[in-house]
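Reviewing the structure listed below.
Labels below follow one simple rule: chain letters A, B, ... track the order of the sequence lines, proteins then strands, and each chain is numbered from 1. Nothing here was measured: the structure is a model prediction, and the numbers come from that model.
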2 protein chains.
Amino acid sequence: MVCASDRKMVAILLLRHSPYQNHLLAALSAEVFERIEPHLEFVAMPLGDVLYESGGQLQHVYFPTTAIISLHYILENGASSEIAGVGNEGVLGVSLFMGGNTTPSRASVSTGGHGYRLKQRLMMDEFNRAEHMMRLMLRYTQALITQMSQTAVCNRHHSVEQQLCRWLLLTLDRLPTNELTLTQELIASMLGVRREGITDAAGNLQRAGMISYRRGHITVLNRIGLEKHACECYGVVKKELCRLLPETGKTHHAERFSK
Amino acid sequence: MVCASDRKMVAILLLRHSPYQNHLLAALSAEVFERIEPHLEFVAMPLGDVLYESGGQLQHVYFPTTAIISLHYILENGASSEIAGVGNEGVLGVSLFMGGNTTPSRASVSTGGHGYRLKQRLMMDEFNRAEHMMRLMLRYTQALITQMSQTAVCNRHHSVEQQLCRWLLLTLDRLPTNELTLTQELIASMLGVRREGITDAAGNLQRAGMISYRRGHITVLNRIGLEKHACECYGVVKKELCRLLPETGKTHHAERFSK
DNA sequence: AAGACTCTGTTCGATAACGCACATAGAGGG
DNA sequence: CCCTCTATGTGCGTTATCGAACAGAGTCTT
């Protein structure tokens, strides 16, 4: 029988599906991990899937590996904005262990992929039983809080173009490639602006040589350029994540924030 | 010797300073409360006082009674926005027990008054030792998360006038009177908009008979009207707070959200 | 290969908020 | 009581984003 850390290496080397692709799961102690592993359920998360509806009861927490989940709030008039995103660095469903069980926002898949989920009951048992799990989850929650506050300030003070840069970078950090598969329409609904605004901004970035795109695909050509063009918000969110969860390791890119 | 609940009644009847004026402290079990009471330090919180600076180390958590604290984020260019407010319904310094110890925002007093504080060390001891304290703090933190997300969406989609209504209502809920003592300039910096924008919006509300104001003082005349005029955001934040912390009792007003 | 559909580019006027300049008017200190 | 300081009111022109309408272009289906 191989031990947990061996399996971790194997999974990474082969780039097969593995719970270790999620940074939080990977940061668990061997003891905790081995206890929950049998209960981790591998799930497909196709684009658009709604994992929970505003006010609904949470049955699971989700640890995305290749998928990205968007938490967004839908106003009475139908307008909406993304409040935060959750990728392989995090977990969906913090309200479960925070004690609220529901939140007034919707969680839907913004980048199709896979992930693992854990039943509410098991998560709570673990949270209450293992100091380690609780600390990790609370620190992640604080990183999420940072992301939300930053979104609030950014919405008020920065241009659509700057926000687009921030959003692209945050999304890129959760992907293994430098190509995003999504339409301008979708990005617009994430940022809560008009689709035309994204067309404008993306056009500018393309002319500046930072990105290149075609129907439903965006390739980032110059990451450093994007970072310079983005507002400070990206850096703050990134730095806080690294500070709060150093054991989750560095993301694919963005080494300059990993200090 | 009087017991805790006797003292609570006495404090309320006499309207003297008492830790029970803070809803979270009041919601603690007698056992926990009696343990921390000797360590609660009564502090004055004059307008403008900075309780902590972005990135600074937290030495205490603060439980406001009559003061209101504003968490705001200050951008590199000096612009700023309030991300959330903390009054007698809450506690300042959640990052302490969430495990981060610092947050990238500034906390300053937006309405002068008083409160109690507890040393970091004692707070942590209690958090780790008493299940009750931990649950309460986590549920409050989730309410705070709701407030932050709502701020993000509100910043994007609602007019200055609607936001002013929301802000007035939230502030009013934390005060025993229906008069706020602050300048338009100050409100503007809270909402992250121009002072002239507030002058406009406040003028409209006054003409509509909902408020009346003079230099540095705003009196709310028609609370129901304000609620109707505000965006949905106020109600959502309020309802979540009541849902998550029912034991903190209803606020002075806003009974319609206490369902 | 053709057609349908969806995504992207572009236009136009409308609107909300900004930035600045300056006038007026309370409030508090000497 | 006057004077000064600061808060509030108002009027510009400027800018960013919105809202709606439509043309072109890619992609997928049949």
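Taking the six-membered ring where the residue is Trp, A:His114 and A:Phe42 present parallel rings, their angle staying beneath 30° rather than reaching 60°.
When the nucleotides D:dT10, C:dC18, D:dA7 are ranked by their closest atom to the side chain of B:Thr183, D:dA7 comes out on top. Distance from the side chain of A:Gln184 is smallest to C:dG9 among D:dA21, D:dT10, C:dG9. Checking C:dA27, C:dT6, C:dG9 against every side-chain atom of B:Arg215, the shortest atom distance belongs to C:dA27. Distance from the side chain of B:Thr199 is smallest to D:dG9 among C:dG9, C:dC18, D:dG9. Taking every side-chain heavy atom of B:Val160 into account, C:dA17 is the closest of D:dG9, C:dA17, C:dG9.
If you check distances only, the side chain of B:Glu161 never reaches the base of C:dA17 with a donor-acceptor pair under 3.5 Å. Residue A:Arg194 places a side-chain atom within donor-acceptor reach of the base of D:dG19, judged by atom type and a 3.5 Å distance cut-off alone. A donor-acceptor contact under 3.5 Å is formed by the side chain of A:Arg195 with the base of C:dG9.
From A:Leu191, atom CG reaches atom SG of A:Cys154 across 8.5 Å, with rounding to the nearest 0.5 Å.
Under 4.0 angstrom from either OP1 or OP2 of D:dG9 there lies at least one side-chain N or O belonging to B:Tyr213. Between B:Arg214 and C:dA27, a side-chain N or O to OP1/OP2 separation shorter than 4.0 Å is present.
The nearest heavy atom of DNA chain D to A:Gly192 and to B:Gly203 marks one nucleotide each, and the one closer to the 5' end goes with B:Gly203. Both A:Ala202 and A:Arg156 lie near DNA chain C, and the one whose nearest nucleotide falls closer to the 5' end is A:Ala202.
For the pair A:Ile211 CD1 and C:dT8 C1', the computed distance is 13 Å after rounding to whole Å. For B:Asn204 and C:dA17, the CG to C1' distance is 14 Å, given to the nearest whole Å. Atom-to-atom, CG of B:Asn155 to P of D:dT17 comes out at 14 Å; the value is rounded to the nearest Å. Between A:His158 atom NE2 and C:dA17 atom P there is a gap of 18 Å when expressed in whole angstrom units. Look at CG on B:Asp200: it is 9 Å from P on C:dA17, rounded to the nearest Å. Counting to the nearest Å, the C1' atom of C:dA17 and the CG atom of B:Leu191 are 13 Å from each other. Separating the CG atom of A:Asn77 from the C1' atom of D:dC18 is a distance of 13 Å, rounded to the nearest angstrom. As rounded to whole Å, 10 Å separates atom P of C:dC20 from atom CD of B:Glu196.
No donor-acceptor pair closer than 3.5 Å links the side chain of B:Glu185 to the backbone N or O of B:Thr183.
Residue B:Gly197 is classed as having no contact, given no heavy-atom separation below 4.0 Å to the nucleic acid.
The six-membered or imidazole ring of A:Phe63 lies away from that of A:Tyr116, with a centre-to-centre distance of 6.0 Å or more.
Residue pairs satisfying the salt bridge (charged side-chain N to carboxylate O under 4.0 Å, His left out) criterion with at least one member in residues 41-53 of chain A, sequence neighbours excluded, are listed as follows: A:Glu41-A:Arg117, A:Glu53-A:Arg106.
For the pair B:Gln57/B:Tyr52, no side-chain contact is recorded, criterion being any heavy-atom separation below 4.5 Å from C-beta on.
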